[in-house]
Amino acid sequence: MTDATRRKQPHELRSHRWFGVDDLRSFGHRSRLLQMGLSEEDFRGRPIIGIINTWSELSPCHIHFRTRAEEVKRGVLQAGGFPVELPAHPVTEQYMKPSSMLYRNLLAMETEELARSQPCDGLVLLGGCDKTPPGLVMGAISAGLPFAFVPAGPMLRGNWRGNTLGSGSDVWKYHAELRAGNITPAQWKDMEGGIARSFGTCMTAGTAATMMLAVEALGFTLPGASSIPAADAGHPRMATATGRRIVEMVWEDLTPARMLSQGSIDNSVAAAMAFGGSTNAIPHLIAVARRAGLMLDLERFDEIARRVPLIADLRPNGNTYLMEDFHYAGGSRAFLNRIAPFLDLSAGTITGRTIGEDIEGAEVFDDRVIRPLNDPLQPESGMAMLRGSLAPNGAVIKTAAADPKLLVHTGPAVVFEDYADLKKRLDDPALDVTPDSVLVLKRGGPKGGPGFPEWGMLPLPKKLLEKGVRDMVRISDARMSGTSYGTCVLHVAPEAEVGGPLAFVRDGDLISLDVPNRKLDLLVDDAELERRRAAWTAPAPRYARGWTKLYIENVTQADEGCDVRFLEGTEATPEPDIY
């Protein structure tokens with residue numbers, strides 16, 4: 001943390017190098033702002049705040065950010081700063097193919113370079129849909145400027161024929177019922193207009209809600225910001241207040257390096273675990289920690305997961321409540337206060353206070369939604385990290401969304417070599433599969449997808465759905481949506497594409513899952529496995545140019561955070577020369 005009594009002077013602002021010097025270059029910089037109708041008094045000697053906006057007409061979760069940016073600007077101006085809006089890569093979960101995760105690191109790189117190359121003294125980051133919170137935060141940490149995060153907020157709860165719908169979770173649920181013949185195509189079509197009823201992110205305990213909460217637990221939002229529904233009037237007020245606060249952060253020189261600690265990282269993990277959030281938080285938070293030079297790995301995740309109870313009773317972990325209920329039950333601030341015994345309360349936040357001070361006194365108003373610590377939804381958090389002969393470097397399972405009867409299971413593998421193979425054969429009546437089988441999907445990892453797509457919630461074979469089967473053990477090197485449910489083992493590392501053991505699994509091989517003992521094993525003897533390894537040939541490269549080629553050549557594995565190697569670490573990048 002910083003000494004707030006030592007405030008920067010105007011000549012110490014980073015932007016002074018662009019606008020405050022009496023030379024040829026500053027003449028040009030000032031004249032171009034005057035060209036836009038501004039006066040020198042508007043910007044000279046004032047903190048210049050870059051508002052990095054991921055708004056796009058193909059970003060439905062962020063469609064209100066055009067307005068929120070204006071509300072942030074209002075706060076910046078109120079506090080005596082000068083706001084400038086900088087559009088950034090809109091990583092959109094719904095439309096980007098083959099995977100939005102392919103572009104998280106591109107957003108991180110763009111955020112870092114926008115901040116460094118432009119005359120910014122501080123940043124306000126506008127994000128929410130799954131990959132934008134980690135991408136923006138990763139880049140801003142690497143840039144090193146004071147920054148604050150404005151979360152998009154969850155959308156309103158869904159509604160269909162008098163039933164409350166949760167985005168994502170009820171899509172998977174009712175699609176299975178459609179394939180089983182229990183609802184009609186007309187009913188399925190009718191649901192489209194009711195499941196996403198406003199701007200904002202998924203209102204289940206999916207990746208967006210998880211990551212916005214994790215960013216708040218890291219200390220980068222105003223207290224209570226992450227759970228405010230996008231359509232609530234409190235949301236624009238929060239955006240304006242964030243604009244005011246970032247100006248003060250610049251004067252205080254409250255940079256991420258001065259604010260973040262190991263306790264901040266552990267707090268973000270504890271919050272995600274107690275929330276029963278998305279497994280996607282694992283690679284995201286590992287990547288964030290590495291950008292800050294702090295420690296986080298699967299073992300640390302599992303250590304925290306074992307001691308933190310799951311207390312948020314939200315879909316898909318529970319059956320009833322959604323993010324609106326969570327917010328009006330007390331919201332993120334009350335939730336964090338309830339899990340205070342598991343937090344480092346001395347960790348700093350953008351308020352200049354500690355997180356303990358920020359959450360003190362926050363009340364829970366509905367114990368059914370945010371459960372007491374002595375009456376949790378689960379005594380341990382909703383996730384477990386696994387290792388074994390099938391996943392030497394680790395794998396992940398969301399236990400809160402799994403059938404408890406399947407958490408210890410041994411069964412024969414039914415193998416799909418890639419997603420095209422899955423689509424082709426899954427519903428073949430001749431597929432040799434039973435409820436005890438283990439469905440295995442290869443080539444869904446960071447390199448194999450490419451981009452680590454959300455293929456891990458493998459659909460069940462139609463012939464089993466028609467018999468009433470609704471869960472099976474499924475294993476892949478892919479991710480899955482945080483809104484999904486099922487006994488899905490994910491993020492198997494090393495992935496099949498690079499010759500991890502998953503590449504060598506064949507139909508009929510026995511696979512053993514033992515979640516209580518954190519084990520995932522391929523029951524094939526070493527000699528046979530070595531024969532298969534010797535006969536294996538690495539897949540030929542599919543991309544010869546562009547970002548995808550650069551990504552595949554440099555991306556790390558799931559257990560390492562899926563960052564690109566040339567963006568990891570804390571090595572200082574010099575300020576740009578101005579000649």
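Note that these values count all heavy atoms, side chains included, but never hydrogens, waters or copies made by symmetry. Numbering starts at 1 and runs along the sequence shown.
Gly128 approaches Met212 most closely through the heavy-atom pair CA-SD, 3.9 Å. In terms of heavy-atom proximity, Tyr103 sits nearest to Lys97 at OH-O, 4.1 Å. In plain terms, the two heavy atoms of Trp455 and Gly444 that are nearest each other are CE3-CA, 4.0 Å. When all heavy atoms are compared, the tightest approach of Ile286 to Asp559 is CD1-O, 3.6 Å. The two residues Pro90 and Thr54 come nearest to each other via the heavy atoms CB-O, 3.4 Å. For Asp477 against Glu497, the heavy-atom pair with the smallest separation is OD2-N, 4.4 Å.
Here the side chain of Asp507 pairs a donor or acceptor atom with the backbone of Val415 at under 3.5 angstrom. No donor-acceptor pair closer than 3.5 Å links the side chain of Ser198 to the backbone N or O of Met155. Proximity of a side-chain donor or acceptor of Arg470 to a complementary backbone N or O of Leu465 within less than 3.5 Å is detected. Looking only at distances, no side-chain donor or acceptor of Ser169 sits under 3.5 Å from a matching main-chain atom of Ser484. A distance-only check finds a donor-acceptor pair linking the side chain of Gln187 to the backbone of Thr184 [under 3.5 Å]. His64 contributes no side-chain N or O that, together with a main-chain N or O of Pro236, makes up a donor-acceptor pair within less than 3.5 Å. Remark: side-chain polar atoms of Lys442 are paired, donor with acceptor, to backbone N or O of Ala503 under 3.5 angstrom. Looking at His409, its side chain does come within 3.5 Å of a backbone N or O of Asp436 through a donor-acceptor pair. Side-chain N or O atoms of His62 include one that pairs as donor or acceptor with a backbone N or O of Cys129 at under 3.5 Å. Although no hydrogens or angles enter the test, the distance criterion places a donor-acceptor pair under 3.5 Å between the side chain of Asp130 and the main chain of Ala208.
Separating the CZ atom in Arg179 from the NZ atom in Lys463 is a distance of 12.5 Å, to the nearest 0.5 Å. Rounded to the nearest 0.5 Å, atoms CD1 (Ile311) and OG (Ser381) are 12.0 Å apart. Atoms NZ and CE, on Lys131 and Met138 in that order, are 12.5 Å from each other to the nearest 0.5 Å. With rounding to the nearest 0.5 Å, the separation of CG in Leu407 from CG in Asp403 is 7.5 Å. The distance from atom CE of Met480 to atom CD1 of Ile397, rounded to the nearest 0.5 Å, is 8.0 Å. With values rounded to the nearest 0.5 angstrom, Ile370 atom CD1 is found 9.5 Å from Leu336 atom CG.
Counting only N and O atoms by type, the side chains of Gln378 and Asn317 include no donor and acceptor under 3.5 Å apart. Side-chain polar atoms of Ser512 and Asp521 form no donor-acceptor pair below 3.5 angstrom. Judged purely by distance below 3.5 Å, without hydrogens or angles, the side chains of Ser278 and Thr207 pair a donor atom with an acceptor atom. For the residue pair Thr483 / Trp172, a side-chain donor-acceptor distance below 3.5 Å is found, with atom types taken as modelled. Judged purely by distance below 3.5 Å, without hydrogens or angles, the side chains of Thr92 and Ser59 pair a donor atom with an acceptor atom.
With respect to the salt-bridge test (charged N to carboxylate O, under 4.0 angstrom), the residues Asp170 and Arg315 qualify. Between Lys447 and Glu495 there is no salt bridge, since none of the side-chain N atoms of the basic residue sits less than 4.0 Å from a carboxylate O of the acidic one. In summary, Arg306 and Asp302 engage in a salt bridge, as defined by a charged side-chain N under 4.0 Å from a carboxylate O. With salt bridges taken as basic N to acidic carboxylate O contacts below 4.0 Å, one links Glu380 and Arg518. Note on Lys173 versus Glu177: no salt bridge recorded, every NZ/NE/NH1/NH2 to OD/OE distance being 4.0 Å or above. At a threshold of 4.0 Å, the pair Lys424-Glu417 does not count as salt-bridged, since none of the basic side-chain nitrogens sits closer than that to a carboxylate oxygen.
Aromatic ring orientation, Phe504 versus Trp536: perpendicular (interplanar angle above 60°, classes split at 30° and 60°). The aromatic rings of Trp160 and Tyr174 sit perpendicular, their planes meeting at an angle over 60°, well past the 30° parallel limit. Using bins of under 30°, 30° to 60° and over 60° for the plane-to-plane angle, the ring pair Phe275/Phe326 lands in the perpendicular bin.
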Inset, instruction - Begin from the C-alpha positions of Arg532 and Asp509 and carry the test salt bridge (Lys or Arg N to Asp or Glu O under 4.0 Å) through to its verdict. - result: CA-CA 13 Å; Arg532 296 181 190 181; Asp509 289 347; 2.6 Å; yes
Legend entry - From CA spacing to verdict: salt bridge (Lys or Arg N to Asp or Glu O under 4.0 Å), Asp325, Arg368: CA-CA 10 Å; Asp325 306 297; Arg368 297 171 302 172; over 6 Å; no
Legend entry - Residues Met472, Leu439; criterion side-chain contact (heavy atoms from CB on, under 4.5 Å); working and verdict: CA-CA 8 Å; Met472 299 173 65; Leu439 302 182; 4.0 Å; yes
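A cation-pi arrangement is present between Arg479 and Phe452 under the rule of less than 6.0 angstrom and at most 45 degrees off the ring axis.
For Trp188 and His175, the ring centers are positioned less than 6.0 Å apart. For Tyr543 and Tyr551, the ring centers are positioned 6.0 Å apart or more.
Looking only at side-chain heavy atoms (C-beta outward), Met211 and Pro134 come within less than 4.5 Å of each other. Between Asp563 and Val555, the closest side-chain pair of non-hydrogen atoms is not below 4.5 Å.
Open room surrounds NZ on Lys462; 12 or fewer heavy atoms of other groups in view lie less than 6.0 Å from it. Counting non-hydrogen atoms of other residues, nucleotides and ligands closer than 6.0 Å to CG of Asn319 gives a total of 12 or fewer. More than 12 heavy atoms of other residues, nucleotides or ligands shown are found within 6.0 angstrom of CZ on Arg307. Atom OH of Tyr328 has more than 12 heavy atoms from other residues, nucleotides or ligands within 6.0 Å.
Considering only residues two or more places apart in sequence or on other chains, Arg333 meets the side-chain hydrogen bond (donor to acceptor under 3.5 Å, both in side chains) condition with none of them. Listed by chain and number, the residues in a side-chain contact (heavy atoms from CB on, under 4.5 Å) with Asp514 are Val408, Pro516, Asn517, Lys519 (sequence neighbours excluded). Evaluation of the salt bridge (charged side-chain N to carboxylate O under 4.0 Å, His left out) rule for Arg161 yields Asp190 as partners, not counting sequence neighbours. Residues satisfying the side-chain contact (heavy atoms from CB on, under 4.5 Å) criterion with Thr537, sequence neighbours excluded, are absent altogether. A search for side-chain contact (heavy atoms from CB on, under 4.5 Å) contacts involving Pro412 returns Ser437, Leu510, not counting sequence neighbours. By the side-chain contact (heavy atoms from CB on, under 4.5 Å) test, Pro494 pairs with Pro392, Asn393, Val498, Pro501, Gln557, sequence neighbours left out.
Among Ile339, Leu373, Asn374, the single residue meeting the side-chain contact (heavy atoms from CB on, under 4.5 Å) criterion with Pro309 is Leu373. Tested against Leu156, the residues Met323, Met203, Glu324 include a single side-chain contact (heavy atoms from CB on, under 4.5 Å) partner, Glu324.
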